[in-house]
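First comes the structure, then the notes that go with it.
Just the heavy atoms: all of them, side chains too, but no hydrogens, waters or symmetry mates, feed the values below. We're numbering straight along the sequence, starting at 1.
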Amino acid sequence: MSEMSMKEISAKVREAGVVGAGGAGFPTHVKLLARAEIVIVNAAECEPLLKTDQQLAARYPDLLVKGLTLAMEATGAQKGIIALKGKYKDAIGALELHIKNYKDLEILIMPDIYPAGDEVITIWLTTGRRVPPGGIPLDIGVVVNNVQTLINVARAVEGTPVTTRTLTVTGAVKKPITVTVPIGTPLRDILELAGGGSGELAYINGGPMMGTLITDLSTPVTKTTGGLIALPKDHMLIQRKGQRVETILRIAKTVCEQCNFCTELCPRHIIGHELSPHRLIRAVNYKNISAPSLVTTALTCSECGVCEAYACPVGISPLRVNIALKAELRAKGIKYQGELGKVDPMARHRLIPSSRLMDRLRLRPWYKEAPLSAEMYVPDEVTLKLQQHIGAPAISVVQVGDVVHVGQLIGKIPDGALGANVHASIEGRVIHITPQTITIRKGGAAK
């Protein structure tokens, strides 16, 4: 393709408001302006219970392949890899039919382990290349995109902006299901689509490992909402995610025996990153008595949760300590500077089998099918956040009382800023605007 056409792909993706759907929310049009050798589709979906990417790949293989080839054209990549697990047989079968005429595309099967979905681990497992600590995939000539992201890229080039999100609703609900809803739909509505829950429940936005506790089910779905998981309030995951950092630090100082398990199983450490969770716990416990460079390794933590959810035998959370350290270091403008070390000879054997993780997290009772619904739910009202992405919030270009249609631009990227456009996800009237949100009611009157 010509340089102009490459820029046109990025421009259409920018106009459509496509961001990384895997959770980070980095504006995709910026990735597509880079130069790369390989584009990888991260279809591992390694978080227990979630089913979205595997089902989208099986339902829309044509759009996924089109999005992949467009990303390759935009970045100049010579190779495209679809990385998924062997157990996703429906997705593999559908994709094989659509890539058979592409010599530069291939499907690579990854082991059924956690965290295969971490892009650094995905790259290593599929190409053998290693992202340096503190670096990004582009440093080694690779671009990684989630399944839903590339489907949105394909639609964007056809002129369709991002107005919906597909997510799995599962756990202690009556009817686990994967649904597609307008962005801005309240999570309470999503819960009802799964038949609601029973008993005293708490909720996780995203996966059980990296997701966050939800305290308000009026919270709207965004472009990066990974899933909705309902669990009993006394479940170990709910209790752990609800712990205060001060409590975690107190426990760590009392019972950490420096067994080193958290470091031996840390996915970043085993591929040669300096990050050593047990040493960071020791440094924090003893008022950061260590080399300053050691503390900055917290910045390279991927927050996968292996250290707290699987490795530690006494219930400490190096993850939460790392998150607190990262916030402190970033506030001071401190960056990590280090080199890539050697791969642990036992690295591939220290990745965690998904089945074993499921048992460790006590999630087996809720491991059920969550079929992808063909129906499109439309709520009476949506609240769209103006910042659903990394970068600056979008700026409202509508006013209270305006009638809008699906796909209409309502929030625009600020001039010269990193950001993403926001579009109306239902037909209706704008009833409320704040610096953070725009609310649209179906047929609503201004108030």
Side-chain angles (χ1 to χ4, degrees), residues 19-20 22-27 30 115 118-121 123-124 130-140 144 206 209-213 224 240-254 256 258 260-312 316-341 387 389-393 417-419:
V19 304
F26 189 82
V30 177
D118 171 60
E119 66 178 10
V120 170
I121 300 300
I123 293 169
W124 173 60
R130 292 182 294 152
V131 178
I136 59 175
L138 276 172
D139 294 336
I140 55 171
V144 182
M209 292 290 282
M210 299 183 70
T212 57
L213 279 182
T224 61
R240 180 185 293 142
K241 290 179 183 294
Q243 277 189 319
R244 292 162 51 89
V245 174
E246 293 80 8
T247 302
I248 291 167
L249 290 173
R250 186 169 64 252
I251 294 171
K253 193 163 187 177
T254 305
C256 180
Q258 291 289 288
N260 199 31
F261 289 168
C262 56
T263 295
E264 289 183 346
L265 293 178
C266 172
R268 295 298 172 92
H269 182 85
I270 64 177
I271 66 165
H273 288 203
E274 187 182 1
L275 177 63
S276 300
H278 80 287
R279 295 174 67 198
L280 284 168
I281 290 290
R282 185 172 63 203
V284 171
N285 281 349
Y286 296 99
K287 299 181 180 179
N288 295 338
I289 297 176
S290 63
S293 61
L294 170 64
V295 177
T296 64
T297 63
L299 292 167
T300 67
C301 172
S302 67
E303 302 180 17
C304 70
V306 166
C307 56
E308 71 164 11
Y310 192 87
C312 184
I316 297 169
S317 176
L319 165 65
R320 296 284 295 279
V321 174
N322 284 355
I323 291 172
L325 282 173
K326 288 165 77 170
E328 182 179 339
L329 293 167
R330 286 169 176 163
K332 295 177 180 178
I334 297 173
K335 296 183 178 180
Y336 173 76
Q337 295 181 338
E339 297 181 356
L340 189 61
Q387 186 170 21
H389 51 268
I390 290 174
L418 176 69

Exercise for review: Check whether any side-chain heavy atom of S302 lies under 4.5 Å from a side-chain heavy atom of V120, and answer yes or no.
Suggested key: no

**Study point:** Sequence-distant partners of A392, side chain to side chain contact (heavy atoms under 4.5 Å, CB included), two or more places apart
**Key:** P414, A417

Point to revise | Qualifying salt bridge (Lys or Arg N to Asp or Glu O under 4.0 Å) pairs, either residue in residues 293-302, two or more places apart | key: none

Exercise for review: Could you tell me which residues satisfy side chain to side chain contact (heavy atoms under 4.5 Å, CB included) with T224, sequence neighbours excluded, listed by chain and number?
Suggested key: V19, T222

Check your understanding: side-chain hydrogen bond (donor to acceptor under 3.5 Å, both in side chains) with E119: which residues, sequence neighbours excluded?
Key -> none

Exercise for review: For E264, check salt bridge (charged side-chain N to carboxylate O under 4.0 Å, His left out) against everything at least two apart and list the hits.
Suggested key: none

Review point. To the nearest 0.5 Å, what is the distance between SG (C307) and CD1 (I316)?
Key: 10.5 Å

Just list the side-chain donor-acceptor pairs under 3.5 Å for residues 265-274, sequence neighbours left out, or say none.
| unit_1 | atom_1 | unit_2 | atom_2 | d |
| --- | --- | --- | --- | --- |
| R268 | NE | D118 | OD2 | 3.2 |
| R268 | NH1 | T300 | O | 3.4 |
| R268 | NH2 | D118 | OD1 | 2.8 |
| R268 | NH2 | D118 | OD2 | 3.3 |
| H269 | ND1 | L275 | O | 2.7 |
| H273 | NE2 | V131 | O | 2.8 |
| E274 | OE1 | Y336 | OH | 2.6 |

Study note, to complete from the structure: Sorted by chain and residue number, the side chain to side chain contact (heavy atoms under 4.5 Å, CB included) partners of L213 (sequence neighbours excluded) come out as I204, I238, K241

Exercise for review: Sequence neighbours left out, what passes side-chain hydrogen bond (donor to acceptor under 3.5 Å, both in side chains) with T297? Give chain and number order.
Suggested key: none

Review point. Is the CZ atom of F261 crowded by more than 12 outside heavy atoms at less than 6.0 Å?
Key: no

Practice item. Using salt bridge (charged side-chain N to carboxylate O under 4.0 Å, His left out) as the criterion, list what pairs up with K332, not counting sequence neighbours. Key: E328

Exercise for review: Determine, step by step, whether T247 and I251 satisfy the side-chain contact (heavy atoms from CB on, under 4.5 Å) criterion, reporting the C-alpha distance in whole Å, the side-chain angles of both residues, the deciding distance to 0.1 Å, and the verdict.
Suggested key: CA-CA 6 Å; T247 302; I251 294 171; 3.9 Å; yes

Revision key, fill the gap. Correct closest heavy-atom pair for P115 and I121 would be O-CB, 3.6 Å

Exercise for review: Taking all heavy atoms of I281 and all of C256, pick out the closest pair and write down the distance.
Suggested key: CG2-SG, 3.8 Å

Exercise for review: Give the intermediate values and the outcome of side-chain contact (heavy atoms from CB on, under 4.5 Å) for residues R279 and T263.
Suggested key: CA-CA 8 Å; R279 295 174 67 198; T263 295; 5.7 Å; no

Review point. Any donor-acceptor pair under 3.5 Å linking the side chain of Q387 with the backbone of G391?
Key: yes

Check your understanding: Is there side-chain contact between I140 and P132, with at least one heavy-atom pair below 4.5 Å?
Key -> yes

**Study point:** Point-to-point distance, once rounded to the nearest 0.5 Å, from CG of L319 to SG of C304
**Key:** 7.5 Å

Check your understanding: What pairs with E246 under salt bridge (charged side-chain N to carboxylate O under 4.0 Å, His left out), at least two apart in sequence or on another chain?
Key -> R244

Review point. Mind checking what makes salt bridge (charged side-chain N to carboxylate O under 4.0 Å, His left out) contact with K326, not counting sequence neighbours?
Key: E303

Point to revise | For Q243, side-chain hydrogen bond (donor to acceptor under 3.5 Å, both in side chains) partners two or more places apart | key: none

